[in-house]
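Heads up, the thing below is written out as structure tokens.
None of the values given here were measured: they were computed from a predicted structure.
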Amino acid sequence: MTETLEQSYDKAGYHAKQTLGVRPALVLVDFAQAYFDPDTPLYGGEGCATARDHAIALADAARAAGVLVIFTEVKYQPGGGDGGAFYAKVPALSCFDAGRDTQKLVHGLSVQDGDLMITKQYPSAFFGTSLAATLQFHKIDTLIIGGLTTSGCVRATCIDSISSGFVTLIAHEACGDRASGPHEANLFDMSAKYADLITTKNAVAYLKSCRVT
């Protein structure tokens, strides 16, 4: 008898739950205007709009709990001189050239006092940035990650997060992609191997439980 996908994954022990830490940070990946402008090649539609709404709620809850909020952005020198092979592979990354409106943080999200912004040129928020050192300094043990896109920079950041020793949670309602297929497939794979999926409601409750006094 042929195994179902669920049976195969269960037998391998995938989707096991992690023990949550006591000092989380919220990482919101690449909520750039490019994903919300219908005239850009990176437009993500309703999935990205829904993700933004959940990201706003998570950021508000994290700040209320005294939990560190970290945004990431992609930014290149005009023409992509610092974008390397990634910029050459994906022409649409020119949307993130410095000075373009499409590079800026989308309306509704903003870097507030106490928040951090990490600037990157490649998919992972860890690659070539100070993120890991910053998290270590703040004694962070758990990351709650949301952002755009699920199949791209969120996934890359997720893998580097667990590879760097952090308990990794994907706030799946705060993640978006241009199509449901890549979105759902990557959520499934991240849940199986690298992270726990967490709803916005449960993430907010967890943040409250970790309130910094």
Side-chain angles (χ1 to χ4, degrees), residues 21 23-35 42 44 48 51-52 55-56 58-59 62-63 66-106 109-171 174-177 186 190 193-195 203 207:
R23 196 168 179 87
L26 175 66
V27 179
L28 297 176
V29 178
D30 297 355
F31 276 96
Q33 182 60 37
Y35 296 110
L42 292 175
C48 290
R52 173 189 55 195
I56 291 169
L58 287 173
R63 294 183 188 113
V67 169
L68 181 63
V69 178
I70 301 173
F71 292 91
T72 78
E73 64 173 2
V74 180
K75 184 186 287 187
Y76 299 107
Q77 298 172 0
D82 55 347
F86 188 38
Y87 194 97
K89 170 67 175 175
V90 186
L93 292 177
S94 63
C95 291
F96 302 129
D97 282 4
R100 297 191 63 172
D101 288 341
T102 50
Q103 187 276 327
K104 298 175 182 176
L105 195 61
V106 69
L109 288 168
S110 61
V111 181
Q112 300 185 16
D113 288 346
D115 298 347
L116 299 177
M117 173 65 83
I118 297 291
T119 300
K120 62 190 180 74
Q121 287 77 44
Y122 293 92
S124 171
F126 286 88
F127 183 80
T129 77
S130 61
L131 179 58
T134 298
L135 295 171
Q136 290 163 9
F137 175 78
H138 287 282
K139 297 181 173 56
I140 301 301
D141 56 24
T142 302
L143 294 188
I144 303 171
I145 301 172
L148 310 175
T149 59
T150 314
S151 60
C153 294
V154 171
R155 180 190 173 92
T157 299
C158 169
I159 293 172
D160 278 357
S161 173
I162 195 169
S163 299
S164 299
F166 299 101
V167 176
T168 304
L169 308 176
I170 297 296
C175 297
D177 216 311
N186 280 277
M190 286 188 285
K193 302 170 186 174
Y194 311 119
L207 289 166

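Scanning all heavy atoms of the two residues, the minimum distance from Leu148 to Ala51 falls at CD2-CB, 4.1 Å. Contact between Ala98 and Pro78 at its shortest, heavy atoms only, is O-CG, 3.9 Å. Nearest heavy-atom pair across Thr168 and Ser161 is OG1-OG, 2.7 Å. What you find for Gly176 and Cys48 is that their closest heavy atoms are C-SG, 4.2 Å. Listed here is the closest heavy atom pair of Asp97 and Gly79: OD2-N, 3.1 Å. Nearest heavy atoms, Asp177 versus Thr150: OD2-N, 3.4 Å.
Inter-residue side-chain proximity for Leu135 and Phe126 is flagged as met; some heavy-atom pair is nearer than 4.5 Å. Looking at heavy atoms from C-beta onward, Val69 lies in side-chain contact with Arg63 at the 4.5 angstrom threshold. Side-chain contact check for Asp30 versus Lys120: some heavy-atom pair is nearer than 4.5 Å. Put simply, the side chain of Thr129 does not reach to within 4.5 Å of the side chain of Thr119, judged on heavy atoms. Here the side chains of Asp141 and Val167 are not in contact, with every heavy-atom distance at 4.5 Å or above. Here the side chains of Phe31 and Arg52 are in contact, with some heavy-atom distance below 4.5 Å. Side-chain contact between Gln136 and Ser164 is absent, with no heavy atoms from C-beta onward closer than 4.5 Å.
A distance of 11.0 Å separates CD in Gln33 from CG in Leu109, rounded to the nearest 0.5 Å. Atom SG of Cys158 is separated from atom CG of Leu169 by 9.5 Å, given to the nearest 0.5 angstrom. For the atom pair Arg23 CZ and Ile140 CD1, the distance stands at 5.5 Å (nearest 0.5 Å). Distance check: Met190 CE to Ser151 OG gives 8.5 Å after rounding to the nearest 0.5 Å. Within the model, atoms CZ of Phe71 and CG of Leu105 stand 5.5 Å from one another, a figure rounded to the nearest 0.5 Å.
Side-chain atoms of Thr157 come within 3.5 Å of backbone atoms of Ala125 as a donor-acceptor pair (strictly under, hydrogens ignored). In terms of modelled atom types and a separation under 3.5 Å, the side chain of Glu73 and the main chain of Lys104 share no donor-acceptor contact. A distance-only check finds no donor-acceptor pair linking the side chain of Asp82 to the backbone of Tyr76 [under 3.5 Å].
The side-chain contact (heavy atoms from CB on, under 4.5 Å) test with Leu131 singles out one residue from Leu116, Asp160, Ile118, and that residue is Ile118. Each of Leu28, Ile70, Val29, Leu26 was checked for a side-chain contact (heavy atoms from CB on, under 4.5 Å) with Ile145, and the lone residue meeting it is Val29.
Between Tyr35 and Phe96, the ring planes are tilted. Angles from 30° to 60° get that label.
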* Applying side chain to side chain contact (heavy atoms under 4.5 Å, CB included), run through Arg155 and Tyr194 and close with a yes or a no. => CA-CA 9 Å; Arg155 180 190 173 92; Tyr194 311 119; 4.1 Å; yes
